[in-house]
Every structure is written in structure tokens, then in C-alpha cells.
Protein chains: 2
Amino acid sequence: MHKEEQFRTYRGYALLEQEIGALTPSMEDYLEMIYRLTEKNGYTRIQELAAALNVQPSSATKMVQRLAEGNYLIYEKYGVIKLTPLGDQMGKRLLARHNTLVEFLKMIGATSHLLEDTERIEHNVSQETLTCISRLVHFFREHPTWLKAYQEYCTRFSQRSKL
Amino acid sequence: MHKEEQFRTYRGYALLEQEIGALTPSMEDYLEMIYRLTEKNGYTRIQELAAALNVQPSSATKMVQRLAEGNYLIYEKYGVIKLTPLGDQMGKRLLARHNTLVEFLKMIGATSHLLEDTERIEHNVSQETLTCISRLVHFFREHPTWLKAYQEYCTRFSQRSKL
DNA sequence: CATTGAATTTAGGAGCGTCTAACTTTTTTA
DNA sequence: TAAAAAAGTTAGACGCTCCTAAATTCAATG
């Protein structure tokens with residue numbers, strides 16, 4: 001009746017993804033950051049990466065080695081990190097996804113945990129959902145009046161809850 | 001300059017949460033499901049829970065023991081699972097969060113991975129963001145014309161991309 | 001009430017992603 | 001160019017959550 005057989009735990013979905021060879025959330029984080037850091041000079045280094053992500057260099061080394069195995073980047077011991085075409089493409093997509101979510105959250109007024117919410121949500125959104133969100137952003141951009149109406153609606157709401 | 005020091009990996013945020021004693025995503029999944037299953041009879045059992053979440057009974061046992069330690073539920077070996085007031089309150093909140101996200105995703109047309117996206121996003125949304133999303137849902141409910149406008153906007157979009 | 005079968009628990013192992021500590025390599029500096 | 005400092009690697013440990021296999025307890029049946 002309730003078709004509840006389909007439910008999985010959070011971990012369960014993560015394991016499913018693994019099976020189909022997808023990037024883990026952490027791999028996505030590293031790749032996205034490498035893409036950012038790479039924009040300036042065409043490469044980045046372990047330390048810069050580790051600092052940007054708030055992890056220890058040893059963690060960065062390990063992950064970079066994994067990403068190199070997956071052909072997302074070129075890396076030799078003690079050397080420089082460069083993206084392959086595959087990694088570059090992936091990084092671009094990850095960054096675009098990130099930015100779409102930032103725009104969306106800003107738009108709806110969810111700004112105080114903006115970075116954290118984005119970082120956490122981005123790994124958990126299907127392509128389809130991302131497309132819908134992107135359209136919503138564009139829609140409101142093209143109809144600023146309605147966006148304003150929403151924002152006023154929010155203001156009224158929060159004043160009411162102060163009573 | 002770029003204030004990138006604040007970035008963390010997905011794992012990094014998870015570890016931060018642990019430190020402040022929050023529930024892990026998996027704990028939330030179990031609690032939410034126990035809440036659902038409990039609605040009917042006031043209790044549930046290991047097996048029912050495991051089946052509903054697509055995990056092995058041994059995994060469910062372990063987690064239930066952890067949740068019992070955290071005072072979210074009452075459980076004795078080989079017995080029945082019942083929520084404490086704390087667990088009940090938490091479960092209610094988790095389910096409400098789940099439902100809010102479902103409504104939102106439906107509204108924007110992200111329906112083909114509805115369950116999975118919801119399950120994955122729900123653990124990663126701050127209270128503030130959830131509030132904003134909830135308001136957006138209510139806003140569109142009160143202004144069905146604008147919702148329809150958005151949906152038509154989407155239709156136009158997808159037709160364009162078919163060309 | 002003894003047996004059988006279902007439900008549950010325990011024990012132990014695996015992968016992920018983090019850490020610390022110790023070691024190695026590279027770079028800088030004097 | 002030799003010593004010191006910085007950068008990077010390796011090894012080993014930990015917690016989370018899952019699994020399988022084996023042991024245990026409970027419930028049902030004859």
C-alpha cells in the first residue's frame with residue numbers, strides 16, 4: 001500500500017552512487033575547489049588546496065591521488081596539480097551548479113548560512129532539480145515585480161511572527 | 001582577498017555538526033522513519049524499520065541502540081521501539097521538513113527523482129533556508145496565477161531545448 | 001513442552017574521509 | 001653549497017554506516 005520499500009537512508013543513496021562510479025561529495029568538493037584555484041595560474045598545489053578546504057595537507061594528498069587515478073587531473077609526487085580536459089569540464093559543471101544554488105538561496109532570502117547550505121546541498125541535487133531551480137531563478141529575474149511581491153510576503157511573515 | 005578560508009568539504013561540515021551533538025543524516029533517516037511507522041500503532045519493530053529503509057536488521061539494531069542512548073526512544077533487547085517525547089517531537093519536525101521539501105520540488109516540477117532528492121537534500125538544509133522555501137511554497141499557493149506563469153515559462157524552455 | 005522457524009543481536013570486516021605523527025623531498029637562505 | 005625551513009607523503013588510527021555470518025532469544029505449532 002504505502003510503497004515504502006523504496007526508501008533508503010542517506011547512506012544508502014550514497015552507496016548506490018558509488019556503485020555507478022559517480023564522484024563522492026568530497027571528491028566533488030576537491031574538484032570544484034581545484035577548478036577555482038586553477039583558474040588563475042593553470043595549476044594549484046596541495047597546500048593551497050588544503051588551506052582552501054580547511055583540511056590537512058595529508059588529506060588533500062590522498063584525495064588528489066584518487067582523482068588522478070580517475071583521470072580528473074595530472075599529478076606527480078611533490079608536483080603541481082593540473083586538470084585534465086575531463087576534470088576541467090567536470091569542475092566547470094560543479095562550479096556552475098554551486099553558483100546556481102547560491103543565486104537561488106540569495107533570491108529566496110536564505111543568506112545567513114549561504115555558503116554552508118550551498119556546499120551541503122549541491123552534492124545532493126539531481127540534474128533535473130537543478131534545472132528547475134535554475135529556471136525559477138531566471139523566471140524571477142525576468143519578473144522582478146513578482147520577486148518583490150514574494151519578498152514583501154516574507155517581510156509580512158516575519159513581522160507577524162514577532163508578535 | 002577571496003576569503004576562501006571559510007570553505008569546508010562536505011565531510012568537514014558533517015564533522016562540525018557531530019561536535020555540536022547534532023543528529024547524523026542517518027540518525028535523522030531512522031528517526032523520521034520510526035516516526036512514520038509509529039503513527040499507526042504507537043510502536044514499531046526492528047524488522048519493519050529495516051525493511052522500510054532498505055537496510056539489514058543488524059544495521060537497524062545498532063542505530064536503534066544509539067538513538068536509545070540519545071534518549072530519542074525506548075528500546076529493550078528483542079522488544080518494541082517507542083519514541084520518547086523528545087524523539088516524537090524530533091520526528092515530527094523531521095517529517096515536516098521532508099514534506100516541505102516534497103511540496104517545493106513538486107511545485108517547481110522536479111518530480112522524477114522526487115523521493116531521492118528529498119531524502120538527500122533534507123539533511124542538508126538549515127532551518128532558515130527551510131523557512132524560506134516554505135514561504136515560497138505558500139506564496140505560490142496564494143498566487144496560483146504566478147505559479148502558472150512559471151510553469152509555462154518552463155514549458156517554453158524545454159520546447160526550445162528540443163529544437 | 002519440545003521443536004522449529006522467525007526475529008534479533010553480536011562479532012567482525014570494509015570503504016570513506018578525516019586526523020596526527022613521523023619521514024622524505026624540495027626550496028630557500030645564509 | 002650546506003643547513004634550515006617549508007612542502008608533501010606515508011603509515012596508522014578513528015568514527016560512521018553498512019554488510020555477512022553465526023549465535024541467541026522469542027513465538028508458534030503440534
Side-chain angles (χ1 to χ4, degrees), chain A residues 7-34 37 43-70 73-82 119-120 123-124, chain B residues 7-34 37 43-70 73 75-81 119-120 123-124:
Chain A
F7 273 88
R8 287 178 189 281
T9 58
Y10 190 75
R11 194 86 219 283
Y13 285 117
L15 293 176
L16 268 191
E17 293 250 305
Q18 296 291 99
E19 278 173 24
I20 62 173
L23 293 167
T24 64
S26 289
M27 285 167 86
E28 291 187 346
D29 282 322
Y30 280 88
L31 204 45
E32 184 183 320
M33 185 55 81
I34 291 168
L37 298 176
Y43 70 86
T44 186
R45 303 195 135 273
I46 291 290
Q47 229 208 356
E48 193 184 11
L49 177 59
L53 288 174
N54 267 288
V55 297
Q56 297 302 313
S58 59
S59 306
T61 298
K62 205 183 252 187
M63 188 58 93
V64 163
Q65 289 169 344
R66 277 224 289 152
L67 289 170
E69 273 176 31
L73 47 84
I74 308 284
Y75 183 64
E76 289 181 358
K77 268 194 187 182
Y78 302 102
V80 131
I81 302 163
K82 288 185 180 179
E119 293 274 320
R120 295 182 54 169
H123 310 291
N124 297 291
Chain B
F7 273 88
R8 288 179 188 280
T9 59
Y10 189 75
R11 195 88 218 281
Y13 285 116
L15 294 175
L16 269 190
E17 294 250 305
Q18 296 290 98
E19 279 174 23
I20 63 174
L23 294 166
T24 63
S26 288
M27 286 166 86
E28 291 186 347
D29 282 321
Y30 279 88
L31 204 45
E32 184 184 320
M33 185 54 82
I34 291 167
L37 299 177
Y43 70 86
T44 187
R45 304 194 137 273
I46 291 291
Q47 226 205 2
E48 193 183 12
L49 178 59
L53 289 173
N54 267 287
V55 297
Q56 297 302 313
S58 58
S59 307
T61 298
K62 206 182 252 185
M63 186 59 93
V64 163
Q65 288 169 343
R66 277 223 287 153
L67 288 170
E69 275 177 28
L73 48 83
Y75 184 65
E76 289 180 358
K77 270 191 187 184
Y78 303 101
V80 131
I81 302 163
E119 291 277 320
R120 294 182 53 167
H123 310 291
N124 296 292

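Proteins come first, then strands; the chains are lettered A, B, ... in the order of their sequence lines, and each starts at number 1.
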Only counting residues at least two apart or in another chain, list the ones meeting side chain to side chain donor-acceptor pair (under 3.5 Å) with A:Thr44.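 Here the qualifying residues are A:Glu48.
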Euclidean distance, atom [atom1] of residue [X] to atom [atom2] of [N] [Å, nearest integer]:
X       : N      : atom1 : atom2 : answer
B:Ile46 : D:dC26 : CD1   : P     : 14 Å
A:Asp29 : C:dC16 : CG    : P     : 16 Å
A:Arg11 : C:dG15 : CZ    : P     : 12 Å
B:Tyr13 : C:dT18 : OH    : C1'   : 16 Å
B:Leu49 : C:dA7  : CG    : C1'   : 14 Å
B:Glu76 : C:dT9  : CD    : P     : 11 Å
B:Ile81 : C:dT9  : CD1   : C1'   : 13 Å
A:Met63 : C:dG15 : CE    : C1'   : 12 Å

Closest to the B:Thr9 side chain: C:dT18, C:dT9, D:dC18?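 Nucleotide nearest to B:Thr9's side chain: C:dT18.
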A:Arg11 to B:Ser26 - nearest heavy-atom pair and separation: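 Looking at all heavy atoms of both residues, the shortest contact is CB-OG, 3.9 Å.
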Tell me, do A:Ile81 and A:Ile74 make a side-chain contact under 4.5 Å, heavy atoms counted?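 Side-chain contact under 4.5 Å: no.
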Would you call A:Met33 and A:Leu37 a side-chain contact if the rule is heavy atoms closer than 4.5 Å?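 Side chain of A:Met33 against side chain of A:Leu37, heavy atoms only: contact under 4.5 Å found.
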How would you label the contact of B:Ser26 with the nucleic acid (heavy atoms, under 4.0 Å): base, sugar-phosphate, or nothing?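 Sugar-phosphate only.
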Heavy atoms only, 4.0 Å cut-off, all strands: where does A:Thr24 land among base, sugar-phosphate and nothing?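 Sugar-phosphate: the residue A:Thr24, judged by heavy atoms under 4.0 Å, touches backbone atoms but no base.
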Solution key, residues 17-24 of chain B side-chain donor-acceptor pairs under 3.5 Å, sequence neighbours excluded:
from: B:Glu17; atom 1: OE2; to: A:Arg120; atom 2: NH1; distance (Å): 3.4
from: B:Thr24; atom 1: OG1; to: B:Met27; atom 2: N; distance (Å): 3.1

Which protein N or O atoms sit under 3.5 Å from an N or O of nucleotides 20-24 of chain C?
from: C:dT20; atom 1: O4; to: A:Ser58; atom 2: OG; distance (Å): 2.9

Please confirm whether the shortest side-chain N or O distance from [X] to OP1 or OP2 of [N] is below 4.0 Å.
X       : N      : answer
B:Gln65 : C:dT8  : no
A:Tyr30 : C:dC16 : no
B:Lys62 : D:dC16 : no
B:Gln18 : D:dG15 : no
B:Arg45 : C:dA7  : no
B:Thr61 : C:dT8  : no

With nearest nucleotide decided by heavy atoms, which residue, A:Val55 or A:Lys77, maps closer to the 5′ end of DNA chain C?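 Of the two residues, A:Val55 wins.
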Tell me every residue that passes side chain to side chain contact (heavy atoms under 4.5 Å, CB included) with A:Gln56, counting only those two or more places apart in sequence or in another chain.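 Side chain to side chain contact (heavy atoms under 4.5 Å, CB included) check on A:Gln56 returns A:Ser58, A:Ser59.
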Within the supplied structure, the quantity of interest is the number of heavy atoms (other residues, nucleotides, ligands) at a distance under 6.0 Å from B:Tyr43 OH; does it exceed 12?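 Counting neighbours around OH of B:Tyr43, 12 or fewer heavy atoms of other residues, nucleotides or ligands fall under 6.0 Å, so no.
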Once salt bridge (charged side-chain N to carboxylate O under 4.0 Å, His left out) is applied, do any residues pair with B:Glu32, and if so which ones, sequence neighbours excluded?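 Counting only residues at least two positions away or on another chain, B:Glu32 forms a salt bridge (charged side-chain N to carboxylate O under 4.0 Å, His left out) with B:Arg36.
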